[in-house]
*Asks:* 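Quick one: this structure, given as structure tokens, is what I'll be asking you about.
Quick caveat: nothing in here was measured; it's all calculated off a predicted structure.
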Amino acid sequence: MGRATLIGFSAVAMWALLALLTDASGQVPPFLLSAITFSIGTGVGLVARLFMPAPDKSQKIPPQVWLIGIAGLFGYHFFYFTALRNAPAVEASLIAYLWPLLIVLGSALMPGEKLAWNHVVGALLGLAGTVLIVTKGGGLAFDARYSFGYAMAAVCAVLWSAYSLLSRRFPSVPTSIVTWFCAATAVLSLACHLALEQTILPDGVGQWLAVLGLGLMPVGAAFYAWDIGVKRGNIQVLGAASYAAPLLSTLVLIAAGVAEPSLRILAACVLITGGAVLAAKSLFLRKPAAVESGAEASESGAGASEDGARASEDGARASEDGARASEGGAKA
């Protein structure tokens, strides 16, 4: 479970490159950028199939899996772009980024899962750090005029958390299915672009390389890694740790010279890191199963040895009593 959780978190690390690479991609409209990058992401899945065992063709994929996957990938981006068109970016982004908290809280409804206080508190600390990052230390100004945009951002959060939680209910469905989710998202994004946007392609090699980077990692490999994490990892820890994405994104921008370091970022770092560690407390304190089993076996062996020793002592006493009885009979 720890390995799958780390693989899932690698998706969060790749999403941290989203802002930098998107900025470097130029003036490409959102839906066109989505169509191009998800096409590249589809290619990532097709190439990965060459190095993975062939999927079981006899396995039937439930229809709801297709609905969950396509609604998750395409639906999130569609409503996110709509939110940014109809509300200020800061408030819309913060509302959309409620999905890690919804994952942590929603995990309590999943079979075999147990929600603990440290998961909730860890997610809330991560949310507090995200507020510092997104608002840049300023205040929030929710305006009723942008209610539609806020609602679209809320739909984003619900869609992605639902996609993540519901994917966990189908652990036997191979991760290779994400290839076709990406393909469907690319086609639907292209349709939206043709209907809603003016075509502006990347200008120059640098912008095309940025688009390629987006398709290979944040809008490609990240979704495959996330699928492994939510299906086989610790979903509460993964949800709380996902708040690291805006922090890591900001650190990447600072490293690239696009943003400046500040005490606000340091405070956000402390809140998000502390929240993730708190949420993962059970993983750090849990004894490995093999160690626990060995300890139990040792205790059982020790108990058996003590019982054997007592039995030997009882046998020795019985022999002594028998000897005394024999001596008494001889005297008589």
Side-chain angles (χ1 to χ4, degrees), residues 11 14-49 61 63-87 89 92-93 95-97 99 148-149 151-164 166-167 175-203 207-227 245 249:
M14 284 186 274
W15 287 330
L17 298 172
L18 190 61
L20 179 64
L21 293 176
T22 300
D23 181 68
S25 66
Q27 302 299 315
V28 183
F31 282 114
L32 178 57
L33 185 62
S34 178
I36 297 173
T37 53
F38 271 104
S39 296
I40 299 171
T42 302
V44 171
L46 293 174
V47 171
R49 283 169 169 257
I61 305 298
Q64 57 266 40
V65 170
W66 294 102
L67 178 62
I68 292 168
I70 296 172
L73 268 64
F74 172 72
Y76 175 84
H77 291 85
F78 176 84
F79 286 104
Y80 183 70
F81 295 150
T82 304
L84 292 183
R85 290 173 183 268
N86 293 276
S93 297
I95 294 172
Y97 223 82
W99 63 261
F148 178 73
M152 295 299 96
V155 172
C156 288
V158 172
L159 273 177
W160 190 252
S161 59
Y163 164 74
S164 302
L166 292 175
S167 293
T175 294
S176 59
I177 194 70
V178 176
T179 305
W180 310 120
F181 297 162
C182 289
T185 301
V187 171
L188 292 171
S189 296
L190 179 60
C192 288
H193 163 68
L194 295 175
L196 302 171
E197 297 175 335
Q198 178 183 357
T199 300
I200 301 176
L201 293 173
D203 183 18
Q207 292 186 8
W208 275 111
L209 287 176
V211 172
L212 178 62
L214 281 169
L216 291 176
M217 290 183 288
V219 192
F223 293 112
Y224 300 92
W226 185 253
D227 186 77
S249 179

*Asks:* In the structure I gave you, are the side-chain heavy atoms of T199 and L32 within less than 4.5 Å of one another anywhere?
*Replies:* yes

*Asks:* Measure the shortest side-chain to side-chain distance between W180 and I70 over non-hydrogen atoms and say whether it is less than 4.5 angstrom.
*Replies:* no

*Asks:* Shortest non-hydrogen contact from S167 to I68?
*Replies:* OG-CG2, 4.3 Å

*Asks:* To the nearest 0.5 Å, how far apart are CG in L216 and CE in M14?
*Replies:* 10.5 Å

*Asks:* Heavy atoms only: give me the nearest A153-A83 pair and the separation to one decimal.
*Replies:* N-CB, 3.6 Å

*Asks:* Step by step, would you call T42 with T179 a side chain to side chain contact (heavy atoms under 4.5 Å, CB included)?
*Replies:* CA-CA 5 Å; T42 302; T179 305; 4.0 Å; yes

*Asks:* Given P218, which partner from the list L20, L18, T37 fulfils the side chain to side chain contact (heavy atoms under 4.5 Å, CB included) test?
*Replies:* L18

*Asks:* Can you check whether A245's main-chain N or O pairs, donor with acceptor, with S249's side chain at less than 3.5 Å?
*Replies:* no

*Asks:* Enter the distance from T22:OG1 to L17:CG here, rounded to the nearest 0.5 Å.
*Replies:* 10.0 Å

*Asks:* Checking side chain to side chain contact (heavy atoms under 4.5 Å, CB included) against L188, which of F74, F38, F78 comes through?
*Replies:* F74

*Asks:* Which value, rounded to the nearest 0.5 Å, describes the distance between F181 atom CZ and T175 atom OG1?
*Replies:* 10.0 Å

*Asks:* Could you tell me which non-hydrogen atom of A157 sits nearest to which non-hydrogen atom of A96, and how far apart they are?
*Replies:* CB-O, 3.5 Å

*Asks:* Between Y224 and G45 (side chain of the first, backbone of the second, donor and acceptor by atom type, cut-off under 3.5 Å), is there such a pair?
*Replies:* yes

*Asks:* Between CG of L33 and CD of Q27, what distance do you get to the nearest 0.5 Å?
*Replies:* 11.5 Å

*Asks:* Do Y80 and S93 come within less than 4.5 Å of each other through their side chains, counting heavy atoms only?
*Replies:* yes

*Asks:* Measuring from atom OG of S25 to atom CG of L212, what distance do you get when rounded to the nearest 0.5 angstrom?
*Replies:* 12.0 Å

*Asks:* Using every non-hydrogen atom in the two residues, find where V211 and P202 come nearest and quote the distance to one decimal.
*Replies:* CG2-CG, 3.8 Å

*Asks:* Would you call W99 and Y163 a side-chain contact if the rule is heavy atoms closer than 4.5 Å?
*Replies:* no

*Asks:* What class does the angle between the rings of F81 and F31 fall in, given that below 30° is parallel, 30 to 60° is tilted and above 60° is perpendicular?
*Replies:* perpendicular

*Asks:* Rounded to the nearest 0.5 Å, how far apart are CG of L73 and CH2 of W226?
*Replies:* 12.0 Å

*Asks:* List the atom of I40, the atom of G215, and the distance in Å for their closest heavy-atom pair.
*Replies:* CG2-C, 3.6 Å

*Asks:* Measure from the side-chain N and O atoms of S34 to the backbone N and O of P30, and report whether any donor-acceptor pair falls under 3.5 Å.
*Replies:* no

